[in-house]
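Working notes, structure below.
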Amino acid sequence: MTVSVPPSAETGGGAWQPSAREAERRRYRRSRTVRSVLIASASTLVVIAAVTLAVVSSPGWPRVRRTFFNPEKARDALPAVLDGLWLNIRILLIASVMIAVLGLTLALMRTLRGPVFFPLRAFATAYTDIFRGLPLLLVIFLLGFGVPALRLDGLPQDMVVWGGLAIVLSYSAYVAEVFRAGIESVHPSQRAAARSLGLTHAQTMRHVVLPQAVRRVMPPLLNDFVSLMKDSGLIAVLGVVDAIRAAQIETAIDFNFTPYVVAGALFVCLTVPTTRIADYYARKKGWYGPGTLL
Amino acid sequence: MSLLQVEGLRKTFGDVVVLDDFSLSVERGQCVVLIGPSGCGKSTALRCINLLERVDDGVITLAGTDITDPRVNADRVRARMGIVFQAYNLFPHLSVADNITLAPVRVHKTPRADARRKALEMLDRVGLADKADARPDALSGGQQQRVAIARAMVNNPELLLLDEVTSALDPELVGDVLDLLVSLRRDGMTMVLATHEMAFARDVADRVCFLDGGRVREDGTPAEVLESPTQERTRRFLARIRERRPIDAE
Ligand SMILES: Nc1ncnc2c1ncn2[C@@H]1O[C@H](COP(=O)(O)OP(=O)(O)O)[C@@H](O)[C@H]1O
Ligand SMILES: [Mg+2]
């Protein structure tokens with residue numbers, strides 16, 4: 001028996017309406033979603049309320065509130081902390097560009113094949129090993145106090161420059177490894193396909209491998225970016241006044257720790273939107289793969 | 001009662017309506033072949049049946065149960081079916097045997113030794129007994145596809161879905177895979193295949209369905225659909241296929 005549908009039945013698009021069955025399925029799914037959201041919200045609220053109650057009703061709370069959450073103190077400290085934060089932001093912006101370039105260069109050096117490139121490969125490997133191993137604070141001291149002590153002419157005297165450079169050198173080592181992991185995660189068949197078209201090694205990297213690799217390592221790169229934001233404050237040991245150092249100065253006046261809380265809140269206010277925006281952008285561009293039901 | 005009954009299936013991706021009022025019923029032990037131009041929605045239909053996609057409308061019943069009902073446990077439904085993909089989709093980090101034993105051990109809670117024994121039997125059946133401990137990368141396409149079929153078959157599925165399982169293979173490897181399908185068919189396996197292998201459709205299938213514009217346009221025995229199609233678009237499609245590769249050599 002041959003069943004055939006007359007071509008006139010081919011209406012397809014236009015005003016499609018879900019069937020009663022489908023409408024019921026959607027209602028059910030929606031009710032499940034609503035239920036999960038309600039349960040999640042309710043349990044979150046209960047936990048928050050319980051923690052808040054436990055803290056607020058504790059015997060030491062009035063004292064803690066005065067020393068950590070003092071509104072007047074917060075208002076007084078805000079301008080100085082904001083001033084410091086501006087320095088963090090500038091270091092962050094300049095350093096992150098330099099770190100990205102240096103990190104990527106190191107990663108690419110490590111992917112070079114063939115004996116000719118042995119010195120480059122060895123250099124990149126030694127560099128990452130050393131700078132990942134050295135504590136950041138030590139690198140900052142070495143560059144910030146050590147280099148100026150050499151009394152060479154023409155070198156910048158600004159501590160921000162040396163501190164920033166120390167951060168760049170250390171972070172590049174981490175970021176290089178993130179990039180390398182991304183590059184190596186691209187399937188070899190992609191390289192084969194590109195080379196088969198006549199693209200050179202460099203062109204293959206630039207147009208085929210790196211675009212895929214960078215997308216894949218966006219989350220860990222964002223991680224390093226956020227951590228850089230906070231570590232940029234470490235150069236305070238060189239006498240530079242960043243947000244945390246400014247808070248410390250304010251605190252020293254009367255041993256009220258509210259300025260630290262202010263600085264912490266400002267850092268969170270910076271990182272949360274940055275990561276959310278980056279995540280949103282990456283998802284919209286489909287970098288994290290299609291969202292599916294599996 | 002049919003083992004599989006699809007009624008009024010609709011599936012869209014954004015604005016693209018891929019399946020629109022797609023209906024199909026498959027009896028236990030039947031081998032049904034889906035044919036149709038590239039992009040007509042054969043893979044999408046199989047993925048919907050395997051609950052890898054959420055349908056926009058319509059009902060799919062498996063042995064009388066509505067599996068599109070959001071109340072059913074989709075994992076348990078999928079465990080009752082096997083699907084074999086065009087690109088094999090073997091897990092590259094697992095050996096051939098571990099690819100096959102993954103679901104028996106993790107999903108069906110088969111003791112590891114039993115699962116391994118069964119995997120080796122399955123591999124023997126697909127002619128790859130010596131490859132149990134090889135990595136998928138070390139196998140040819142035809143061998144990988146036979147491992148994928150073994151992986152799908154080891155759970156004793158009630159229904160086996162096959163999506164153009166030979167179209168990525170060298171011609172001389174196609175025969176091995178098709179022979180395997182014929183032997184599964186003889187054992188009474190219920191199968192739905194999307195394929196361009198017209199000779200296979202003619203010689204092995206119980207029914208051939210021609211899919212176009214998101215629905216089944218023609219549904220009948222291989223002789224009816226392939227030799228005397230009632231519709232112009234089926235004739236055109238078959239003519240194009242024949243030009244490229246004569247299926248009637250007599
Ligand atoms: N994940 C997806 N997103 C958007 N469009 C898709 C997706 N999967 C399939 N399609 C579209 O659906 C149509 C049918 O695809 P497919 O089922 O793979 O066809 P076939 O297997 O018959 O060649 C095609 O037009 C394809 O572009
Ligand atoms: Mg397909």
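So that the names make sense, note that chain A is the first sequence line, chain B the second, and so on, each numbered from 1. All values derive from a computational prediction rather than experimental measurement. In what follows, every heavy atom counts, from backbone to side chain, and hydrogens, waters and symmetry copies are set aside.
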Does CZ belonging to Phe13(B) count more than 12 external heavy atoms closer than 6.0 Å? yes

Mind checking which of residues 24-39 of chain A sit less than 4.5 Å from chain B, heavy atom to heavy atom? Glu24(A), Arg25(A), Arg26(A), Tyr28(A), Arg29(A)

Side chain to side chain donor-acceptor pair (under 3.5 Å) partners for Arg21(A), two or more places apart: Asp66(B)

By side chain to side chain donor-acceptor pair (under 3.5 Å), which residues pair with Ser38(B), not counting sequence neighbours? none

Just wondering, more than 12 heavy atoms not from Arg71(B) lying within 6.0 Å of its CZ? yes

Among Pro92(B), Pro70(B), Ala74(B), Gly8(B), who wins on heavy-atom pairs under 4.5 Å with chain A? Pro70(B)

Could you have a look at Asp69(B), Thr234(B), Thr68(B) and say which one has the most heavy-atom pairs with chain A under 4.5 angstrom? Thr68(B)

What pairs of donor and acceptor atoms, side-chain ones from residues 204-211 of chain B against any protein atom, are under 3.5 angstrom apart with sequence neighbours left out?
from: Asp206(B); atom 1: OD1; to: Arg185(B); atom 2: NH2; distance (Å): 2.9
from: Asp206(B); atom 1: OD2; to: Cys31(B); atom 2: N; distance (Å): 2.7
from: Asp206(B); atom 1: OD2; to: Arg185(B); atom 2: NH2; distance (Å): 2.8
from: Arg207(B); atom 1: NE; to: Asp219(B); atom 2: OD1; distance (Å): 3.0
from: Arg207(B); atom 1: NH1; to: Ser25(B); atom 2: O; distance (Å): 2.6
from: Arg207(B); atom 1: NH1; to: Gln30(B); atom 2: OE1; distance (Å): 3.0
from: Arg207(B); atom 1: NH2; to: Ser25(B); atom 2: O; distance (Å): 3.1
from: Arg207(B); atom 1: NH2; to: Asp219(B); atom 2: OD2; distance (Å): 3.0

Check: Asp57(B) side chain, Pro18(A) main-chain N or O, donor-acceptor pair, under 3.5 Å: no

For Thr12(B), is it the side chain, the backbone, both, or neither that has a heavy atom closer than 4.5 Å to a heavy atom of chain A? neither

If you count heavy-atom pairs within less than 4.5 Å of chain A, which of Val55(B), Asp56(B), Asp21(B) leads? Asp56(B)

